[in-house]
Protein chains: 2
Amino acid sequence: MRKTPAPSLATNVAIALNAVIAVVDGDRPKVLCVRAPSGGPGQEAGRELALPYGPFDPERHRTFEIGVREWVERQTHVTLGYVEQLYTFGDKGREAPAAALAGGAGERVVSVGYLALAPGLAELHAEDALWADWYSFFPWEDWRGGEPAILRELIIPGLEGWAGAADSKEQKKARQARVNLAFGLDGFGWEEERTLDRYELMYEADLVVEALRDRGDEKTQTPGTGVAMISDHRRILATAIGRLRGKLKYRPVIFEMTAPAFTLLQLQRSAETIVGFKFHKQNFRRSVEKSGFVEATGEMTGETGGRPAALFRVDRDGLKDRAAAGLAIPRLRRPGD
Amino acid sequence: MRKTPAPSLATNVAIALNAVIAVVDGDRPKVLCVRAPSGGPGQEAGRELALPYGPFDPERHRTFEIGVREWVERQTHVTLGYVEQLYTFGDKGREAPAAALAGGAGERVVSVGYLALAPGLAELHAEDALWADWYSFFPWEDWRGGEPAILRELIIPGLEGWAGAADSKEQKKARQARVNLAFGLDGFGWEEERTLDRYELMYEADLVVEALRDRGDEKTQTPGTGVAMISDHRRILATAIGRLRGKLKYRPVIFEMTAPAFTLLQLQRSAETIVGFKFHKQNFRRSVEKSGFVEATGEMTGETGGRPAALFRVDRDGLKDRAAAGLAIPRLRRPGD
DNA sequence: ACTATATATGCTCTAGTTGAGCATAATTAC
DNA sequence: GTAATTATGCTCAACTAGAGCATATATAGT
């Protein structure tokens with residue numbers, strides 16, 4: 001028997017706060033990005049995209065969330081609504097690109113990722129900031145027009161090749177099972193919130209540029225599998241999208257991203273934009289109308305291109321009463337099912 | 001227009017890894033605790049309980065998870081199964097007690113909390129480590145014997161008093177709404193996974209000792225509201241319990257905590273122990289049997305005190321096939337509903 | 001004015017799920 | 001034996017979710 005020693009805590013770690021600031025712009029989901037101050041060696045392609053990030057200053061910030069809000073609002077002039085902590089990323093290998101990014105030496109950089117939702121595109125005041133469509137980073141995640149061609153043509157074959165290239169029979173089966181689960185193959189359904197699983201598999205299978213880059217590989221292209229980001233920011237973004245997609249189902253967060261008044265179809269399009277596939281319209285109305293989240297304003301809009309639609313607004317009281325619930329998000333129906 | 005400056009990252013932060021190691025022992029949920037090396041000033045009561053924690057050593061640990069596994073296994077000789085990151089806690093105010101705990105000076109300590117599940121009580125080799133019943137920290141969370149008396153007698157009145165003591169009418173309503181939602185009052189149901197919301201409200205309302213202690217208050221007792229822990233460890237534990245309770249519903253994590261063979265009632269008791277209330281037995285069987293998670297071993301056990309029960313084991317293939325699903329956890333039925 | 005087309009909105013039908021309870025079976029404790 | 005205890009099978013009613021039919025009210029084009 002020995003006593004548990006009081007551990008001493010190491011100090012040579014820096015903390016960065018990363019924010020995924022998500023908005024819906026019509027039928028495009030967007031995320032605030034910055035152009036990073038030029039990539040590492042072999043990256044003359046210019047300035048890679050990064051999530052906005054800031055230092056965590058323990059002197060000035062009582063909490064992480066205060067820190068995030070503070071520098072986001074100062075640097076981008078975007079006012080954040082809903083904010084939640086996502087995950088803390090501390091893997092080694094992050095540090096090389098991240099340290100370059102920070103201009104610092106080779107100390108370990110840990111980043112705490114945050115997801116923030118805003119009600120619409122804010123005007124940007126920094127010249128190297130932009131709103132990017134998040135499906136440009138994850139083209140395989142957008143099923144609104146049916147199954148993305150890139151999946152059948154390139155990604156699934158690539159993943160099956162990777163699974164088949166494993167050493168043992170056991171390993172092959174294990175890899176294939178992961179692929180099936182994440183990508184909804186072989187009897188599994190496509191679960192929209194598994195964005196991180198899918199990205200990680202693609203990374204392991206060398207289907208995204210970051211995998212090659214992080215190894216210092218020659219090849220710097222993986223056509224069709226989306227735009228790369230600096231460091232592990234695309235992984236952070238994948239985490240954020242998955243979290244947001246899941247959250248829609250059990251918290252009324254969609255209303256953090258809507259205009260003050262909207263038609264039910266606009267609300268549906270917002271949800272579909274995030275979730276990445278289309279819903280049955282009448283069922284969606286039914287569930288929203290009985291949810292208590294919205295109330296009719298009594299006004300109509302004629303800008304629909306068809307019969308005018310009733311305008312709704314958020315029912316603040318209803319929202320409070322049902323803060324424990326979310327929208328009824330159906331499952332993705334594949335034509336063949 | 002100005003360029004986003006490359007932020008410099010501060011370094012005077014230490015990272016601790018905290019682990020909530022949870023097991024189910026019959027009908028008691030347990031968590032590994034250590035006796036902290038004597039509390040702060042005014043805490044002569046001896047050694048407060050703490051979650052086991054260790055330093056994150058950026059030199060030696062490629063990832064946080066590796067770090068957690070390493071020091072847990074080294075210090076406690078408990079082998080961890082399932083491990084997941086919970087949340088990163090960085091609030092100011094943590095640091096005073098946490099720094100004392102670390103024996104260090106007044107630097108900011110950030111801790112990354114982890115939830116780990118193990119299949120049973122491991123023998124402990126450190127004399128100041130122990131398995132504690134987690135409901136000793138949260139007596140109001142255990143509804144298996146009906147609504148805990150302490151809730152109606154003490155906690156709810158205390159919270160309503162706190163709500164009523166707010167400055168403005170608005171504030172009062174807002175506070176009361178939070179209480180209703182978290183504690184399932186006024187038409188809301190009790191949601192077992194809202195453990196953190198409940199703990200936070202009780203902290204704000206001065207119903208747990210930590211609230212008084214963190215302010216340096218004279219009073220050091222809040223009878224009936226559970227055992228205190230050092231620093232914000234009870235909050236970390238509340239986070240872990242909520243996460244685990246929620247996770248049961250959509251991932252088959254319960255099987256990380258079960259013996260190799262079990263009866264369906266034993267499985268049910270394990271789930272009830274975690275969730276904190278009892279289920280309808282026949283419905284639970286029905287859902288488990290058709291879930292594909294388990295298969296009959298063909299053997300029976302006579303140790304039930306009644307008719308012998310069939311023994312089941314985890315169906316590893318079924319688990320893989322259904323890794324996307326969890327147990328069907330019903331809602332808490334209150335007698336009056 | 002008439003027609004095609006687009007969106008809005010109401011309603012129904014079916015299959016499946018969930019909550020609850022009845023009934024019977026096979027043990028042990030006294 | 002009888003009571004108590006646990007196991008297990010089955011049914012019923014309420015509710016939910018997926019799908020589609022039908023009708024209403026616009027705009028655009030001829």
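Throughout, a chain's letter reflects where its sequence line sits, starting with A, and its residues are numbered from 1. Worth saying up front: this structure is predicted, and the values here are computed from it rather than measured.
- Remark: the Arg307(A) side chain and the dA8(C) base include a donor-acceptor N/O pair separated by less than 3.5 Å.
- Computed from coordinates, the Met300(A) CE to dA24(D) C1' distance equals 10 Å when rounded to whole Å.
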| query | Between Asp315(A) and Val294(A), does a side chain to side chain contact (heavy atoms under 4.5 Å, CB included) hold up when you go through it step by step? | reply | CA-CA 5 Å; Asp315(A) 179 340; Val294(A) 302; 5.6 Å; no
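- Arg331(A) comes within 4.0 angstrom of sugar-phosphate atoms only, judged by non-hydrogen atoms across all strands, and of no base.
- Between the NZ atom of Lys278(A) and the P atom of dT7(C) there is a distance of 9 Å, rounded to whole Å.
- Put simply, NZ on Lys281(A) is 12 Å from P on dA6(C), counting in whole angstrom units.
- Salt bridge status for Glu141(A) with Arg245(A): present, with a side-chain N to carboxylate O gap under 4.0 Å.
- At the heavy-atom level, Leu264(B) lies nowhere under 4.0 Å from the strands shown.
- Between His280(B) atom NE2 and dT6(D) atom C1' the separation is 15 Å, expressed in whole Å.
- The nearest whole Å value for the distance from the CZ atom in Arg285(B) to the P atom in dC10(D) is 12 Å.
- Whole-Å rounding puts the Leu265(B) CG to dT6(D) P distance at 8 Å.
- If you measure from atom CG of Asn283(A) to atom P of dC15(D), you get 18 Å, rounded to the nearest angstrom.
- Taking atom CD of Gln282(B) as the reference point, atom P of dT17(C) lies 19 Å away to the nearest angstrom.
- Between Phe262(A) and Phe312(A), a ring centre-to-centre spacing not shorter than 6.0 Å is recorded.
- Of all nucleotides listed (dT9(C), dT17(C), dT16(D)), dT16(D) comes nearest to the side chain of Lys290(A).
- Of the charged side-chain nitrogens involved, none lies within less than 4.0 Å of a carboxylate oxygen, so that Arg144(B) and Glu272(B) do not count as a salt-bridged pair.
- Taking the nucleotide of DNA chain D with the nearest heavy atom to each of Gly306(B) and Phe312(B), the more 5' of the two is matched to Gly306(B).
- Counting atom types as modelled, Arg286(A) pairs a side-chain N or O with a base atom of dG18(D) as donor and acceptor under 3.5 Å.
- Checking each of Trp190(B), Tyr135(B), Phe277(B) against Trp143(B) for a ring pair (Phe, Tyr, Trp, His ring centres under 6.0 Å) leaves exactly one that passes, namely Trp190(B).
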